[in-house]
Protein chains: 2
Amino acid sequence: MSSSIEQKVHAGVLNDYFSVDCVIFGFDFSQLNVLLVDRVMTDELTGKELFNDLTLTGNHIYDDEDLDAAASRVLFDLTGLQNIYLEQFKTFGAPDRINRENDRAWLAANGRDPDKRIVTVGYYSLLATDKVTLEWKGRNVRWTPVAEVTDLAFDHMAILQEALVALRKNLLREPIGFELLPEKFTLSQLQRLYEVILGVALDKRNFRKKVARMKYLVPLEEKQMGVAHKPARLYVFDRDLYEKNRKELLDFAI
Amino acid sequence: MSSSIEQKVHAGVLNDYFSVDCVIFGFDFSQLNVLLVDRVMTDELTGKELFNDLTLTGNHIYDDEDLDAAASRVLFDLTGLQNIYLEQFKTFGAPDRINRENDRAWLAANGRDPDKRIVTVGYYSLLATDKVTLEWKGRNVRWTPVAEVTDLAFDHMAILQEALVALRKNLLREPIGFELLPEKFTLSQLQRLYEVILGVALDKRNFRKKVARMKYLVPLEEKQMGVAHKPARLYVFDRDLYEKNRKELLDFAI
DNA sequence: CCAGCTTAGTGTTACTTTTACACTTAATAA
DNA sequence: TTATTAAGTGTAAAAGTAACACTAAGCTGG
């Protein structure tokens with residue numbers, strides 16, 4: 001990931017062939033959301049709204065810019081967030097991936113050749129919605145529950161779906177969820193996280209037995225305060241312990 | 001994957017910005033190999049050999065060509081193979097990924113601008129070495145044991161390593177190995193496959209117990225013939241049974 | 001202050017999977 | 001007929017999975 005200065009000031013030339021699209025998932029304990037950008041096009045003469053739809057947060061990359069850095073920059077431009085890990089999950093390059101009328105009109109209106117192919121590298125990230133300030137440079141960006149997204153511009157619906165598959169696969173293998181929780185969290189919060197992202201219900205007792213085997217989930221002598229029910233014990237994720245005890249997953253399905 | 005005609009005849013223009021690199025793994029029951037191309041450069045005047053190294057099988061893609069189709073075409077051009085499944089695993093786009101002297105000289109000698117960045121989409125495939133004929137259009141392509149590859153042109157060493165990680169991850173989740181075996185195979189062959197690709201030793205009895213649980217591995221009333229030891233029972237992989245009984249992997253590591 | 005609300009927290013049993021480990025069997029070759 | 005080679009087999013202990021229902025602790029409102 002590039003430094004903040006590189007992210008903010010970029011001297012290169014935007015490259016017409018490459019873009020990155022970032023699928024920014026936002027977790028909020030009740031559902032999984034995705035960051036979408038309003039795309040409104042109005043007729044220049046009449047002022048009439050031609051269409052108003054949604055896209056993922058993507059953009060072209062600079063000619064001398066690393067792919068990962070470009071993804072970070074785009075995320076920064078849209079949200080002001082920095083030092084967020086973005087995972088590259090797939091590259092989309094069908095020659096006809098931009099073929100709908102709205103998309104072609106949009107590109108033309110923005111000074112791009114709608115017939116020029118664009119290969120886009122997909123990244124995803126997973127954030128806690130409440131850590132993101134969406135009042136940023138007046139961009140028209142907002143969280144939408146993933147379950148409610150039915151259509152997006154370009155091939156972004158397909159990109160979103162692939163990102164969700166990649167996110168879930170990754171969550172099943174790596175403890176990527178702790179970034180989303182407060183430093184001290186309860187087991188119910190952790191369980192909720194898995195349920196929301198994986199879209200399943202988990203048994204509380206079995207979940208806790210599993211947690212008990214993970215030595216890097218350290219119980220504290222500290223409880224929630226100010227909740228209107230029995231306060232839960234707080235836990236922390238010990239990254240060092242995790243790294244040391246991480247064993248190769250060699251459990252294979254033939 | 002495109003049809004064979006599309007693979008052979010392509011009318012478009014090669015795009016200078018994009019390439020695909022195919023990491024073709026070859027399994028031969030004794031080791032895991034990778035298909036590499038000799039890259040020899042000689043001084044035009046003196047005829048002296050300037051360098052002689054190895055690259056992955058990659059090439060630029062056509063402007064109107066799908067990424068997956070481009071990977072298939074490159075594989076076809078180099079090996080004559082068709083209808084081989086190629087899995088996209090990662091895209092490499094560091095602006096300085098081509099910076100070594102040999103690589104720059106090579107590009108210049110081949111009429112390309114060494115300062116122009118090239119983003120390459122990585123694909124891998126897994127074949128049985130004995131199914132591949134390397135006498136194809138006189139290309140200088142050959143199998144090299146993965147364990148013996150120490151250096152490659154461009155950033156191909158890094159691409160190879162990432163491909164191997166992706167291959168192993170995939171083999172642990174999906175039964176991708178059966179393409180490499182004869183239609184009827186023995187359990188020892190299957191075990192050997194896993195050992196060679198994953199680079200581990202597996203216990204014979206435990207392996208067989210695991211196989212016994214996989215209902216889509218169907219034992220036949222048929223044995224090996226002509227071997228100088230106790231003949232092994234033959235098995236087939238029943239893809240239909242696999243597809244029907246495939247269950248969601250929801251076994252997560254918190 | 002106590003009754004009610006809400007979420008935290010806990011244990012057992014049956015079953016399945018994993019791990020570690022060594023000898024017998026069946027074919028060909030010499 | 002014997003040697004060589006790889007195939008094939010069982011068990012016990014430990015760990016993990018799955019299903020399942022009640023009590024505990026704090027706050028709230030009357």
Side-chain angles (χ1 to χ4, degrees), chain A residues 28-30 171-173 175 181-182 184-196 198 200-236 245-254, chain B residues 28-30 171-173 175 181-182 184-196 198 200-236 245-254:
Chain A
D28 69 3
F29 287 110
S30 77
L171 183 65
L172 290 173
R173 305 286 148 230
L181 298 174
K184 300 174 182 179
F185 52 86
T186 71
L187 294 189
S188 294
Q189 290 174 323
L190 184 61
Q191 181 178 343
R192 187 87 186 112
L193 188 158
Y194 278 84
E195 290 180 330
V196 165
L198 298 178
V200 295
L202 301 172
D203 179 88
K204 179 159 67 162
R205 279 182 283 196
N206 294 337
F207 183 85
R208 282 160 188 253
K209 261 179 290 183
K210 196 155 189 164
V211 164
R213 284 194 298 272
M214 311 292 163
K215 303 303 183 193
Y216 47 85
L217 285 176
V218 186
L220 302 175
E221 295 304 324
E222 204 175 331
K223 290 171 188 264
Q224 275 183 315
M225 279 178 16
V227 287
H229 53 76
K230 178 173 177 178
R233 177 183 287 265
L234 296 173
Y235 286 72
V236 292
N245 299 351
R246 147 215 275 302
K247 53 182 170 218
E248 285 308 310
L249 292 171
L250 248 183
D251 215 22
F252 54 96
I254 298 175
Chain B
D28 69 4
F29 285 110
S30 76
L171 183 65
L172 290 174
R173 307 283 148 231
L181 298 174
K184 300 174 181 179
F185 52 85
T186 71
L187 294 189
S188 294
Q189 290 174 322
L190 184 61
Q191 181 177 342
R192 187 87 188 113
L193 188 156
Y194 279 83
E195 291 179 329
V196 164
L198 298 179
V200 296
L202 301 172
D203 180 88
K204 179 158 66 163
R205 279 181 283 194
N206 294 337
F207 183 86
R208 281 158 189 254
K209 261 178 293 184
K210 197 155 189 163
V211 165
R213 283 195 297 274
M214 311 292 165
K215 302 303 184 196
Y216 47 85
L217 284 175
V218 185
L220 303 175
E221 296 303 323
E222 204 175 331
K223 290 170 188 261
Q224 274 182 315
M225 279 178 16
V227 287
H229 53 77
K230 178 172 177 178
R233 178 184 286 266
L234 296 173
Y235 287 72
V236 293
N245 298 351
R246 145 217 277 302
K247 56 181 167 218
E248 285 311 308
L249 292 172
L250 247 183
D251 217 20
F252 55 95
I254 299 175

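None of the values given here were measured: they were computed from a predicted structure. In what follows, every chain begins at residue 1, and chains take the letters A, B, ... in the order their sequences are listed.
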Output for pair (L190(A) CG, L181(A) CG), nearest 0.5 Å, gives 6.0 Å
d(CG, L234(B); C1', dA6(D)) in whole Å: 14 Å
Does dA15(D) have OP1 or OP2 under 4.0 Å away from a side-chain N or O of R213(A)? no
Just how far, in rounded Å, is C1' of dA6(D) from CG of L187(B)? 13 Å
State whether K210(A) places a side-chain N or O below 4.0 Å from either non-bridging phosphate oxygen (OP1 or OP2) of dG16(D). no
Measure the CG-CG distance between L193(B) and D28(B) for me, rounded to the nearest 0.5 Å. 11.0 Å
Please round to the nearest 0.5 Å and tell me the distance separating atom CD of Q189(A) and atom CG of L187(A). 9.5 Å
Here the gap from R233(B) atom CZ to S188(B) atom OG, rounded to the nearest 0.5 Å, amounts to 13.5 Å
Without decimals, in angstroms, what is the distance between L190(A) CG and dA8(C) P? 12 Å
If I take atom CE in residue M225(B) and atom P in nucleotide dT5(D), what distance separates them, rounded to the nearest angstrom? 23 Å
When the distance from CZ of F207(B) to C1' of dT19(C) is rounded to whole Å, what number comes out? 16 Å
Could you tell me the separation between the CD atom of E222(B) and the P atom of dA7(D), rounded to a whole number of Å? 17 Å
Figure out the CD/P separation between Q189(A) and dG9(C), and round it to whole Å. 11 Å
Nucleotide by nucleotide, 5' to 3', does protein get under 4.0 Å of the base (B), only the sugar-phosphate (S), or neither (-) in nucleotides 21-30 of chain C, counting heavy atoms? BB--BBBSS-
Supply the atom-to-atom distance K209(B) NZ to R213(B) CZ, rounded to the nearest 0.5 angstrom. 8.0 Å
Shortest non-hydrogen separation from R192(A) to S30(A) and the atoms involved: NH2-O, 3.5 Å
Is there a side-chain contact between S188(A) and the phosphate of dT7(C), meaning an N or O under 4.0 Å from OP1 or OP2? no
Is R208(A) touching bases, backbone alone, or none of the nucleic acid, heavy atoms closer than 4.0 Å? base
With Q191(B), which residues qualify under side-chain hydrogen bond (donor to acceptor under 3.5 Å, both in side chains), at least two apart? E195(B)
